[in-house]
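Structure first, then comments.
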Amino acid sequence: MSRMEGRKTTHIVKVGGMTCASCAQSIEKALGNLEGVARATVNFAAETATVEYDPGKVGPGEIEKTIIDVGYKVIKESITLKVSGMTCASCAQSIEKALGNLEGVSSASVNFAMGRATVHYDPELVGVAGIKRAVKDIGYEASDIEEVTVEDRERAARKREIMVQGINTLVSWVLAIPIMLGTFREYWILSSFVPGVLADPYTLWLLTTPIMLGPGRQFFVGTYKGLKHGYTDMNLLIATGTGAAYTLGVINTLFPDAGFGGPEMAFFETAALLTAFLVLGRFLEALTKGRTSEAIRRLMGLRAKTALVVRDGKEIEAPIEDVRVGDLVIVKPGEKIPVDGMVREGYSAVDESMITGESIPVEKKAGDEVIGATINQTGLLRFEATKVGKDTALAQIIRFIEEAQASKPKIQKLADVVAGHFILAVHALALIVFFFWFFVGYDRFFTPGGKFLLSSITISAVSAFVFAMLLSITVLVISCPCAVGLATPSAIMAGTGKGAEYGILIKGGDALERAHKINTIVLDKTGTLTKGRPSLTDVVVARGYKEEEVLRLAAVAEKGSEHPLGEAIVRGAEGRGIGLERAEAFEAIPGQGIEAKYRGKKILLGNRRLMKDRGVKGVEPLLGEMERLENDGKTAMLVALEDEAIGIIAVADTLKEYSKDAVRELQRMGLETIMLTGDNARTADAIARQIGVDRVLAEVLPEEKADVIKGLQAEGKVVAMVGDGINDAPALTQADVGIAIGSGTDIAKEAGHIVLIKEDLRDIITALELSKRTMRMIKENLFWAFAYNTVGIPIAAGVLYPSFGLLVSPELAALFMATSSVSVTMNTLLLKRFRPRGFGVGGVGGEMEGGIGLPTGGAGTGSSLGIYGGKR
Amino acid sequence: MRGPSRLPIWSVIALSYLAVSISVTLLFYLLATRQGKPHTPAEVALGSIWTFILSMIISASILPPILKKRLGVGDARGG
């Protein structure tokens with residue numbers, strides 16, 4: 001997957017075969033050394049390499065080759081096509097050549113006898129249709145047999161890894177158990193049932209060798225590949241440990257008098273059990289690793305493979321890559337919507353939960369947008385494709401999360417520094433430990449009878465060399481940079497993946513890191529807290545008139561109006577089921593209101609000045625109510641029939657559902673809530689009172705919003721800004737955390753660090769909670785990873801031996817090491833249990849537009865529509 | 001994309017970490033043989049090999065980046 005940004009290109013490669021975090025660093029180093037590579041970030045947990053490079057100096061081919069050279073796999077998309085029309089082997093060569101010349105095709109292999117072509121390609125550069133066309137252009141026909149997507153291959157690679165490590169574990173344990181029994185035959189009751197032949201050094205050698213050559217081979221191969229490129233990784237620690245133990249075992253077997261403890265100190269059990277535990281660790285890691293990235297894999301799996309498209313008046317089933325913008329696509333009930341588009345015909349309910357997290361199906365009719373990968377539930381829809389391929393909302397979301405998961409927050413810098421130098425430091429420590437116990441420690445502290453930790457086995461007479469070697473190997477084996485390296489990326493993957501489940505897109509680790517520190521939240525009013533368009537809120541009637549009648553007359557007068565206030569009145573009347581006729585005449589009076597004629601009678605709708613100019617009677621009793629409405633931030637209009645005031649109609653921008661709940665919850669979380677608006681202070685205060693924010697900043701011009709945020713930051717506040725991702729872009733960027741809300745499918749346009757797909761303000765709380773949980777998880781992971789190494793390494797180096805005569809055996813060290821990285825991953829998996837907090841909805845229902853008919857007995861002058869939940 | 005002109009640099013680097021490793025191994029050997037303790041020749045030999053392997057791993061990782069920096073060879077590692 002490649003993308004151009006200025007002169008730099010970003011190439012994202014799926015990498016297979018990484019076994020620990022230091023593998024990621026080895027790849028980063030190798031890629032970083034390529035000329036033209038500006039930045040290389042490898043995410044071990046996500047198994048991706050993101051490379052920014054200058055296409056003039058280096059290409060994707062070299063990048064992928066480097067990854068393979070260092071000893072890892074590049075997982076690519078491939079397709080096998082049935083090719084007809086070939087008559088000889090040279091036809092196959094021609095096709096291979098033609099395909100090889102296609103941009104984006106990395107390899108093509110054509111089998112003449114089978115009539116098959118297997119092509120590895122970059123889907124960003126060439127599609128299946130392009131591949132087929134290239135075959136057709138030179139006179140052959142290519143048709144589908146089987147398509148293997150990158151996620152299929154990734155899944156298959158993961159399964160293979162689990163299977164290989166499972167077999168390795170089984171083999172090593174089947175052999176290691178008899179080795180252990182044979183080695184310790186003299187202890188406890190083992191001699192009563194363990195045959196003597198098992199204790200023979202040659203038998204132990206015979207049993208250990210297959211472990212070293214089979215399951216243990218991977219450590220040596222990995223070490224060789226790393227060293228070939230000048231890099232050290234976790235494999236080296238293991239290879240030096242197991243290799244040294246095995247070599248000592250062989251020497252002791254062949255030359256019992258060499259002075260290394262003789263046949264009694266075979267060391268074969270050390271090599272065998274070390275390998276068995278380490279392979280078990282890799283097996284468990286392979287099992288758990290994939291689970292942290294489940295969310296993104298699930299998103300990838302949502303993609304439809306085919307679409308029913310109308311072409312030349314015929315309905316044809318086309319591969320998804322062949323769908324073009326402007327194509328008319330048909331989706332039957334129960335089917336997946338293949339790409340993004342605009343409904344042209346039909347009516348249906350669509351389940352968009354997989355994209356937006358919204359569990360209630362959304363109604364779709366002509367003119368509505370549909371999102372690819374969502375499920376059409378009830379009716380048949382015909383829609384025009386508007387976004388295809390990498391432009392669809394789903395593709396954007398996937399890219400967004402991939403980039404977020406590849407990013408590294410500041411907290412990881414410490415972990416990276418430590419993990420990067422860890423292996424070296426451990427080798428240096430192993431050398432120091434060896435020198436110390438060989439030259440000083442053995443003479444000073446060694447007493448026969450010392451014990452291994454969690455074991456009844458005592459250390460009998462061994463030479464200084466064997467003792468020093470044993471401790472040196474244990475230090476190598478117990479240390480685990482994997483846990484340190486895995487702590488942060490695994491938590492970020494789980495956190496961002498969980499966010500995506502709820503329609504919350506977190507742009508990277510930095511956003512997560514900053515979000516949990518914020519103490520002030522600035523909420524844009526229009527479009528964020530409110531719906532951003534006026535709605536009918538109140539109808540006040542003069543004595544002798546009915547609410548419905550006043551509303552009907554006002555709506556009839558406004559029927560032809562295109563003014564937002566007029567539209568709000570018409571919408572409000574229609575919402576109450578009032579049938580509206582068209583007025584006979586309509587005239588807009590600039591700055592004052594309108595005049596209309598209906599059934600021969602004159603209707604006036606407007607401000608005080610209009611009424612005064614036209615000499616309308618009966619206005620005075622309504623003025624008190626009008627002022628009260630205006631003080632509530634509403635736009636109030638007087639209605640007159642035949643020059644007599646009959647009531648007041650008020651409209652206002654209404655609160656979004658859950659605005660008040662969200663603000664209350666944010667305050668409960670200890671955040672200062674500030675409302676930011678360009679409206680006048682009176683309107684702003686009225687809205688603020690309803691919502692209950694702590695502070696209001698009114699009459700702020702759009703271009704001043706970023707300065708306001710800057711001012712708050714200057715006061716020492718850590719500020720989050722919530723607003724429309726497009727209009728509030730500068731303020732969102734200025735804020736420590738910018739939260740763009742209600743983006744729908746236009747994710748790519750958004751500024752801000754967190755994007756909320758839905759318009760539900762409660763998602764802000766979910767995003768903040770998720771960031772807190774993720775950061776806590778990262779800190780916990782790092783704590784345990786560092787604590788494990790900080791405690792484990794000194795014990796392995798023998799600090800307990802002088803005082804307590806206790807040592808860690810290399811086998812136990814291997815067990816500890818194997819469990820440490822698994823425990824970090826398991827801890828991260830706890831994030832899967834995260835659920836957004838529930839909210840009480842009391843008092844919120846009335847805030848919705850259309851909350852009709854809660855009469856409040858407005859001081860004898862009429863009644864009110866309780867759109868603001870009967871606040872009056 | 002390592003250019004052919006870099007060959008001498010890598011030779012210098014290889015020589016430098018070999019020199020460091022041999023020095024540390026010699027130190028071990030001298031200490032082991034002159035300490036006046038009854039280490040067998042096999043122990044001294046194996047100890048020397050172990051010392052050489054560990055010091056090679058350490059110096060081969062530490063020295064190249066330092067020398068490359070001094071000699072003006074870049075590293076664009078991200079992260």
Side-chain angles (χ1 to χ4, degrees), chain A residues 24-25 28-42 50-53 57-58 62 66 227 230-232 236-237 240 243-244 247-248 251 255 257-260 408 412-413 416 420-421 423-425 427-428 430-431 434-435 438-439 442-443 463-466 468-469 472-473 476, chain B residues 1-6 9-11 13-14 16-17 20-21 23-69 72-79:
Chain A
Q25 291 195 326
E28 278 183 1
K29 266 190 179 180
L31 292 172
N33 276 345
L34 278 179
E35 196 183 332
V37 170
R39 189 180 167 85
T41 312
V42 178
T50 308
V51 189
E52 275 178 34
Y53 65 96
K57 291 181 178 168
V58 68
E62 264 169 297
T66 305
L227 288 177
Y231 307 123
T232 54
L236 181 64
L237 287 173
T240 35
T247 310
L248 275 178
I251 292 171
F255 310 102
D257 300 325
F260 305 135
K408 291 182 180 180
Q412 200 173 347
K413 281 182 184 160
D416 273 356
H421 298 98
I423 290 160
L424 272 185
H427 275 94
L431 187 62
F434 179 70
F435 267 57
F438 188 85
F439 291 116
Y442 181 82
D443 289 340
S463 66
F465 171 77
V466 172
M469 192 74 181
S472 185
I473 291 172
L476 288 178
Chain B
M1 297 241 291
R2 296 184 177 112
S5 63
R6 296 207 194 157
I9 295 168
W10 288 104
S11 302
I13 290 169
S16 62
Y17 58 67
V20 170
S21 308
S23 305
V24 178
T25 309
L26 269 175
L27 178 71
F28 173 82
Y29 180 81
L30 288 173
L31 284 173
T33 50
R34 310 268 161 119
Q35 203 190 15
K37 285 179 190 162
H39 298 303
T40 65
E43 282 181 336
V44 175
L46 272 184
S48 298
I49 293 170
W50 184 241
T51 304
F52 181 75
I53 292 171
L54 292 180
S55 45
M56 265 289 276
I57 290 168
I58 300 160
S59 57
S61 300
I62 291 176
L63 289 177
I66 297 170
L67 291 173
K68 272 198 280 179
K69 215 177 206 176
V73 185
D75 182 352
R77 187 155 41 122

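Treat the numbers as computed from the prediction; the structure is a model and nothing was measured. Proteins get letters first, then strands, A, B, ... in listed order; numbering begins at 1 in each.
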B:Tyr17: which residues meet the ring pair (Phe, Tyr, Trp, His ring centres under 6.0 Å) condition with it, sequence neighbours left out?
none
For B:Phe52, ring pair (Phe, Tyr, Trp, His ring centres under 6.0 Å) partners two or more places apart
none
Identify the heavy atoms of B:Leu54 and A:Ala430 that sit nearest to each other, and give their distance.
CD1-C, 4.0 Å
Could you look at A:Phe439 and say if it's the side chain, the backbone, both or neither that has a heavy atom under 4.5 Å from chain B?
both
With under 30° as parallel and over 60° as perpendicular, where do the rings of A:Phe438 and B:Phe28 fit, or are they tilted in between?
tilted
Does A:Leu431 reach the side chain of B:Val24, with side-chain heavy atoms less than 4.5 Å apart?
yes
Approximate separation, where rounding is to 0.5 Å, of A:Thr240 OG1 and B:Ile57 CD1:
5.0 Å
Part of B:Ile62 lying under 4.5 Å from any heavy atom of chain A:
both
Side chain / backbone / both / neither for B:Leu31 at chain A, heavy atoms under 4.5 Å
both
Show the nearest heavy-atom pair for residues B:Trp50 and A:Ala244, with the distance to one decimal.
CZ3-CB, 3.4 Å
